[in-house]
Structures are given as structure tokens and as C-alpha cells.
Protein chains: 2
Amino acid sequence: MSSQLSPSFAAARRSFIEAGGQTTQSFGLGRIIGQTFALLYLSPKPVCLDEIVAELGVSKASVSTAVRQLSDWAAVKRVWVKGDRKDYYEAETEFTEIIRNGLLEIVRKKINTAGIQLAKVEASLQDAHDGARSPTRDEAALLAARLARAKKFHQKLNGLLGNPLLEHLL
Amino acid sequence: MSSQLSPSFAAARRSFIEAGGQTTQSFGLGRIIGQTFALLYLSPKPVCLDEIVAELGVSKASVSTAVRQLSDWAAVKRVWVKGDRKDYYEAETEFTEIIRNGLLEIVRKKINTAGIQLAKVEASLQDAHDGARSPTRDEAALLAARLARAKKFHQKLNGLLGNPLLEHLL
DNA sequence: ATCTGCGTTCAGTGCGGACTGAATACATCT
DNA sequence: AGATGTATTCAGTCCGCACTGAACGCAGAT
């Protein structure tokens, strides 16, 4: 692909792709996701799966799943090239959109499951309160109070993540 | 510790601690960090290392490092009990502070290292531009343009994370 | 219908990082 | 000073998860 490009230009390109991989990996998303996006982000024309596989030197399976992840977040979009049976992909260049659909969505999910667990704790605390003997009361009261604070904070976080003002700041 | 508490109360407590572990683990911070904080958060009095070790059933080393992590973020604070050589810990109950000092700080670091890598790419692109022959120019121009956009977004993120308005929303 | 060239799936592998246990360092008491 | 009870450190182990390779499914072409 980059046969006639100057060596140092190719180096800069690879460096950028590597940086993409490092970044996504540091966020626990895996290396190939970032590398794939970076590659597409730098490409002037749509790129097919096998080209990505060739340039990154990884398995087709990895790129396939990475590309799906990325298109789930609308970080890349499929492009059909007429007369070609391959799938081609190009990057969404608007980072703000990607954060909105990708990262923030992930965080929302995690916050949400945390909230579900809080609700379960609340339920089992109800049971505990019913059959409580005297020495339990103080402990139970503290747990209830702390649990309430946790729930309140959880709601505040939810509000923040849904706040249009946050997305406006991006 | 909870010998005279009702079974279902103890269950609620363990459930909360477990939820804490799940949450921190889902954010890639490890399970014990969240469990330790949750335990301290529910405790009416300061707790020493060995009590945490006993209740969580994990190694002393794990709890030791977890506790240090947590106090780095000011999520827990050391408390001295006079006449006792052990270290005691209690939780910071103000979640907002923890997010500020912990999670946001982590994200800032990651964003920062990403920025450093971008700078490196920019530098090697400078070299490439110097020795460029004609067919390279277009590709180089695109890379430069996209790199500029990436840098701009990086700065925007930095600004957002440093924005007092964000912390005010918490 | 068969063949050909794609993308996807899934059981298995390898690796990175959390966790452990023993050795170490440290503090306080006698 | 030594002794004792504590926290910390560090090499090693274990485990989850990203990644792989082969088998599969599914198109369109002939």
C-alpha cells in the first residue's frame, strides 16, 4: 500500500496507528480496535478487511470483530464499492460523535449495572429489617443511610451522563 | 465481626461489598479495591488491615496495595487509634471527592500520554515532509490534516477535564 | 446447481495483569 | 540492644480476556 511513500512518512503513519492501539488498550478496549480506527482515519479512500489484516499483521477474525465494534459506535461506516463483493470501511472523522456513541455509552452501561446491584442490596436490606433483633438495629440503620447516599450519588451520575450540557461541552 | 447480626442483614452487607468489587473490576481497577472501599464505607468505626483480610478472604498483600491506592485518591484515610500499633482506615463518604481525585485523574493521565504520542507523530511527520518527493505530498497532506484534527480534539478533551463546570456538575 | 470468494463464528491458545505467600523493612515495647 | 507485632515488597502463580486459525455460512458468479 505505501510502497512509493517516503520511509519517514510511513513511519509517522505507523506511529499514529500504534498510538491509537495503545490508547484503546489503556482504556481496556483492546489494541486492534484503536489500530483499525487509526488506519481508517488516515486513509483517503475506503479500505477492505484484507487490507487492514495485511497492514496490521493480525488475524482476520480480530479485524472482523473490531470493525463491528467500531460500527456499533458509528466510529466507522460500511461503504459499498459497486462491482466489488468486499466490504469497505471508512472512519467517522467527527470524534465528538464517537465519544457520544461509544465511550459514554459504555460508561452508562456500567453505571446502570451498578445501579441494578444497588437495588438488589436495598431489597435484601428490607428483608433484614423485618426480622431484626435489637442489636442489629444500629448497624442496619447505618447500612441503610450509607446505601441511600450511594443511591443518591448514582442518580447524580446518571443525570450528569444524560445532561445535554455535557455533550455540549464536547 | 458480624456474629450477632441477622443473617439477611449480613447478606445485604456482603452483597453491597460484592457490588463494589464488580463495579471497580468493570472499570479495570481490580476487584479488591472496590470490595475494600465498600467494606470501609459500611463500617461505623475504623477498620484495620487484618479485619479486612479476614472478611474478604484475600491476601494481606492485596489489601495493602488496595488501601494505598484508595488513600492516594483520598477515598480512604488512615486513622490512628491510640495505644494500638495497627493502622486503621475509614472511608471518605463524599463520592464527589473520590471521583475528582481518583477516576478523573486516571482519565487525565491516559489522555495525557495519548497527547505525548500525538506530539511524537507530529515530529516524525516534520521529518517526512522535508525529504518528500512529489507522489508523497497528497498523502502527507491528508495525514497532516487528520493529525491536526486529532490534536484539536485532544485539546478539547483536556479543556473539558479541567473545566470547573464539570466538577461543579458532580 | 456448483463453485468461488467473501465475512463470521467458535473452541483453543497465549499473554498481561491481578493476586498470592514468603521474605523484608519498620516501628514500638521491654 | 533484642523481641514482637505490624505493614510493605517482590518474585511467582493463576486467571480472565484479547487474539488466533480452522470450520462454517452466505452471497454472487459461472
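Below, read A as the first sequence line, B as the second, and so on, with proteins coming before strands; counting in each chain starts at 1.
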Transitive ILVMFWY side-chain link B:Ile116 to B:Leu147, under 4.5 Å: no
Close N/O contacts between protein and nucleotides 5-9 of chain D (under 3.5 Å):
unit_1, atom_1, unit_2, atom_2, d
D:dG5, N3, B:Arg85, NH2, 2.9
D:dA7, OP1, B:Asp87, N, 3.4
D:dT8, OP1, B:Arg78, NH2, 2.9
D:dT8, OP2, B:Ser64, OG, 2.9
D:dT9, OP2, B:Arg68, NH1, 2.9
D:dT9, OP2, B:Arg68, NH2, 2.3

A:Arg31 (side chain) donor-acceptor with A:Thr24 (main chain) under 3.5 angstrom: no
NZ/NE/NH1/NH2 to OD/OE distance under 4.0 Å, B:Asp50 and B:Lys86: no
Separation of atom CD in B:Gln25 from atom P in D:dC15, rounded to whole Å: 14 Å
Smallest separation among heavy atoms of A:Trp73 and A:Gly102, with atom names: CG-CA, 3.6 Å
Under-4.0 Å salt bridge between A:Glu55 and A:Arg13: yes
Near-ring test B:Tyr41/B:Phe95, centroid separation under 6.0 angstrom: yes
Protein-nucleotide distance (A:Trp80, atom CH2; D:dG28, atom P), rounded to Å: 12 Å
Outermost nucleotides of DNA chain C that come under 4.0 Å of a non-hydrogen atom of chain B: C:dC19 to C:dT28
B:Glu92 and B:Lys77 ion-paired at < 4.0 Å: no
Spacing of NZ belonging to B:Lys45 relative to CG belonging to B:Leu40, to within rounding of 0.5 Å: 10.5 Å
